[in-house]
Amino acid sequence: MGLWQTSKDREKLLKQFVLHHSVTHSDGEKTFVNLVQKTLEQLPYFKESKRIHFAHTDDNRRALIAHYEGVKNKDTIVLINHFDTVGVDDYAEYKNLAFDADKITERFKKNNAYLDPDAIEDLNSSEYLFGRGVMDMKAGLMLHISLIEKAIIEEWDINLILVTVPDEEVGSKGMLAAIEVLKTLKEEKDLNIRLHLNSEPTFQQEGSDTNHYVYSGTIGKIMPAVFVHGLETHVGNALNGISSNYIMSYINQKLEYNTEFIETYKDETTPPLVSLYMRDIKDHYDVQTPFKSVSLYNAFIFNRNAKEVFETFNHIVKEAVDDCTKVLNKQFDTGFYSNELSIPVMTYGELYKKAVHEIGKEKVDTIITRAEEKVTESHMKSVQIVDDLMATMRSMGPAVISFYTPPYYPAANSSDDLEVRLAVAEVIRSASEIGRISEEVRYFNGICDLSYVKYTTNNLSDAMYEENTPSFGRSYAIPFESIREISAPIINIGPIGKDAHKVSERLLKESAFYELPHILESVIKNCYMKNTVE
Ligand SMILES: [Zn+2]
């Protein structure tokens with residue numbers, strides 16, 4: 001009974017999804033929703049009525065939102081997954097087999113040169129399915145569709161909303177667009193969203209680890225940045241200028257690995273802040289000293305919001321610039337340094353206001369619009385805006401600007417939520433029932449779209465982020481207000497896999513096709529359909 005209610009049928013469905021490649025920004029990513037729609041419409045429930053909706057990104061990609069409606073109940077669980085995958089360059093000569101789970105598994109059996117010993121052992125056990133997207137995360141989509149079919153067959157009295165999105169691996173544009181459709185649906189149908197359930201795969205801690213993990217939160221990520229504007233000079237007259245690289249070296253020294261950014265929650269700890277990109281912006285070699293440098297940082301967060309991270313960041317940058325000017329003032333008293341040198345440190349928000357004051361809002365906005373058109377990558381748009389604005393504000397002299405570049409994934413944690421506590425307990429119980437040990441982890445450390453469905457920041461922090469992210473409200477935006485509207489507790493319950501984003505990406509078949517359907521059904525039935533917690 002049903003199309004996808006046996007392990008075999010679920011495996012078949014997953015393989016179909018994997019075969020339709022959908023690497024982020026590819027054409028396959030654009031057409032993938034057609035396959036999901038066609039799949040859902042094999043069920044008369046979705047064919048006969050308008051229960052499938054689409055959300056559009058600003059670059060012509062679509063997310064699909066499908067609504068299974070409860071009989072009377074307004075309680076709702078949102079089932080979230082992404083259908084885009086990372087690229088396949090790591091498969092090298094087997095690139096064209098990466099999306100065919102059967103063929104790539106067969107090929108690896110003949111030549112396992114790309115695999116490490118643990119992957120080879122898994123390959124020979126025949127318990128795993130290999131291929132791009134099998135674990136991250138088309139298995140999640142397969143599971144949600146199988147679950148919805150079951151709800152239709154048994155007429156569950158609860159609302160299930162499938163949200164399957166593109167662009168999760170790059171900028172989360174799919175999820176950010178889907179939020180608006182979800183919000184409309186919630187308002188129109190007067191739904192009570194009780195849970196946002198993602199099914200990203202669990203990341204195994206080490207090779208021999210056979211445990212399942214349920215995540216009651218997701219780690220956040222934010223990208224503070226610094227732009228240093230020095231003063232150019234000829235190398236022969238070094239003291240007539242000031243090298244932006246020299247200033248940046250002080251800043252970076254103080255920021256990278258700084259323990260002030262490390263957060264701890266129970267026994268879990270965030271990795272330290274590191275620079276992802278640091279260079280002077282000079283196109284070619286010449287004897288002019290570099291005078292513009294930029295560094296972008298990655299900060300992981302558990303609890304802090306944009307405002308808190310930025311305050312810590314700015315205070316450290318100021319200290320570093322102080323140290324730097326002290327040394328310069330002490331060492332030299334000729335040329336540029338004959339007057340006491342001081343380098344202002346300002347935020348982008350302050351720079352913007354100063355520029356508007358000096359040259360007018362219209363001119364500033366034109367500079368920003370043009371700057372955005374010069375580059376394509378989202379984070380570089382912010383850098384270009386600062387660069388171009390500073391070029392018109394040269395009279396300021398040397399200065400250091402701190403700002404944010406996209407993306408921002410707020411941290412979210414539901415581990416203290418009563419219903420989520422019960423759901424976690426039910427995952428552990430239902431897993432043990434079929435012989436799998438499941439353990440709770442508070443923060444999913446893979447970064448995921450759950451960051452955008454539980455509102456954890458505040459007005460002050462949101463405003464500060466908007467003001468200090470140069471491209472905000474232009475090429476990049478986070479709909480904080482809409483997130484507040486659809487905000488609900490979060491959980492991640494997904495199948496066991498290994499090596500996401502690697503050539504050895506693989507999915508434990510037993511977990512994905514047999515265990516997870518049982519666990520997900522148990523959680524929904526026993527925690528969300530039986531007891532309504534008021
Ligand atoms: Zn993923």
(message) Does any part of the side chain of Q16, heavy atoms only, come nearer than 4.5 Å to the side chain of E11, both counted from C-beta?
(response) no
(message) Looking at Q253, I want to see if its CD is surrounded by more than 12 non-hydrogen atoms of other residues, nucleotides or ligands under 6.0 Å.
(response) no
(request) Test side-chain hydrogen bond (donor to acceptor under 3.5 Å, both in side chains) on Y213 and D209 and set out the steps. (result) CA-CA 11 Å; Y213 296 95; D209 181 9; 2.8 Å; yes
(request) Output yes when K150 and E521 qualify as a salt bridge under the 4.0 Å nitrogen-oxygen rule, no when they do not. (result) yes
(message) Using the rule given for side-chain contact (heavy atoms from CB on, under 4.5 Å), can you reason through F32 versus L64, listing the C-alpha separation, both sets of side-chain angles and the distance that settles it, and then say yes or no?
(response) CA-CA 10 Å; F32 191 86; L64 181 148; over 6 Å; no
(message) Parallel, tilted or perpendicular, judged at 30° and 60°: which one describes the rings of F108 and Y114?
(response) perpendicular
(message) Atom NZ of residue position K12 - does it have more than 12 heavy atoms of other residues, nucleotides or ligands inside 6.0 Å?
(response) no
(request) Indicate yes or no: at least one non-hydrogen side-chain atom of L422 is less than 4.5 angstrom from one of E426. (result) no
(message) Using 0.5 Å steps for rounding, measure from the CD1 atom of I222 to the CZ atom of F261.
(response) 10.5 Å
(request) Report yes or no: is the cationic atom of R279 (NZ for Lys, CZ for Arg) closer than 6.0 Å to the six-membered ring centre of Y277, at no more than 45° off its axis? (result) yes
(message) Between E200 and G446 (side chain of the first, backbone of the second, donor and acceptor by atom type, cut-off under 3.5 Å), is there such a pair?
(response) no
(request) Could you tell me if the ring centre of Y215 sits under 6.0 Å from that of Y443? (result) no
(message) Can you classify the ring geometry of Y408 versus Y465 as parallel (below 30°), tilted (30 to 60°) or perpendicular (above 60°)?
(response) tilted
(message) Tell me whether the NZ or CZ atom of R10 lies within the 45° cone about the ring axis of F513 and under 6.0 Å from its centre.
(response) no
(message) Measuring only between side-chain heavy atoms, which start at C-beta, is F403 closer than 4.5 Å to P470?
(response) yes
(request) May I ask you to test the Y455-I486 pair for a side-chain heavy-atom distance under 4.5 Å? (result) no
(request) Take atom CD of E311 as the centre, draw a 6.0 Å sphere, and report whether it contains more than 12 heavy atoms from other residues, nucleotides or ligands. (result) yes
(request) Would you indicate whether the side-chain heavy atoms of I428 and I437 approach each other to under 4.5 Å? (result) no
(message) Please determine whether salt bridge (Lys or Arg N to Asp or Glu O under 4.0 Å) holds for the pair E377 and K381, giving the CA-CA distance in whole Å, both sets of side-chain angles, and the decisive distance to 0.1 Å.
(response) CA-CA 6 Å; E377 287 178 296; K381 286 179 188 284; over 6 Å; no
(request) Decide, yes or no, whether a salt bridge links E467 with K307 under the criterion of side-chain N to carboxylate O below 4.0 Å. (result) no
(message) Between K502 and D90, does any NZ, NE, NH1 or NH2 come within less than 4.0 Å of an OD or OE carboxylate oxygen?
(response) no
(message) Between the side chains of D118 and K498, is the shortest nitrogen-to-carboxylate-oxygen separation below 4.0 Å, so that they form an ion pair?
(response) yes
(request) State whether F54 and R62 meet the cation-pi test: NZ (Lys) or CZ (Arg) under 6.0 Å from the six-membered ring centroid, and within 45° of the perpendicular axis. (result) yes
(request) For R436 and E515, run salt bridge (Lys or Arg N to Asp or Glu O under 4.0 Å): C-alpha distance rounded to whole Å, both residues' side-chain angles, the deciding distance at 0.1 Å, then the answer. (result) CA-CA 8 Å; R436 176 73 59 188; E515 295 170 12; 2.9 Å; yes
(message) Run N159 and H67 through side-chain contact (heavy atoms from CB on, under 4.5 Å) and show every step you take.
(response) CA-CA 7 Å; N159 290 270; H67 185 190; 2.8 Å; yes
(message) Is any side-chain heavy atom of H196 closer than 4.5 Å to one of L182?
(response) yes
(request) Determine, using ring centers only, whether F17 and F83 are less than 6.0 Å apart. (result) no
(message) Are L162 and I148 packed together at the side-chain level, in the sense that at least one heavy-atom pair is separated by less than 4.5 angstrom?
(response) yes
(message) Would H144 and T164 count as a side-chain contact (heavy atoms from CB on, under 4.5 Å) here? Give the steps.
(response) CA-CA 10 Å; H144 292 165; T164 185; over 6 Å; no
(request) Check the surroundings of atom NE2 in H21: do more than 12 heavy atoms from other residues, nucleotides or ligands lie under 6.0 Å from it? (result) no
(request) Determine, stepwise, if the pair R421 / E440 fulfils salt bridge (Lys or Arg N to Asp or Glu O under 4.0 Å). (result) CA-CA 10 Å; R421 295 259 35 88; E440 180 184 14; 2.7 Å; yes
(request) Give a yes or no on whether a salt bridge exists between E127 and K509, defined as a side-chain N under 4.0 angstrom from a carboxylate O. (result) no
(message) Is any side-chain heavy atom of D167 closer than 4.5 Å to one of E29?
(response) yes
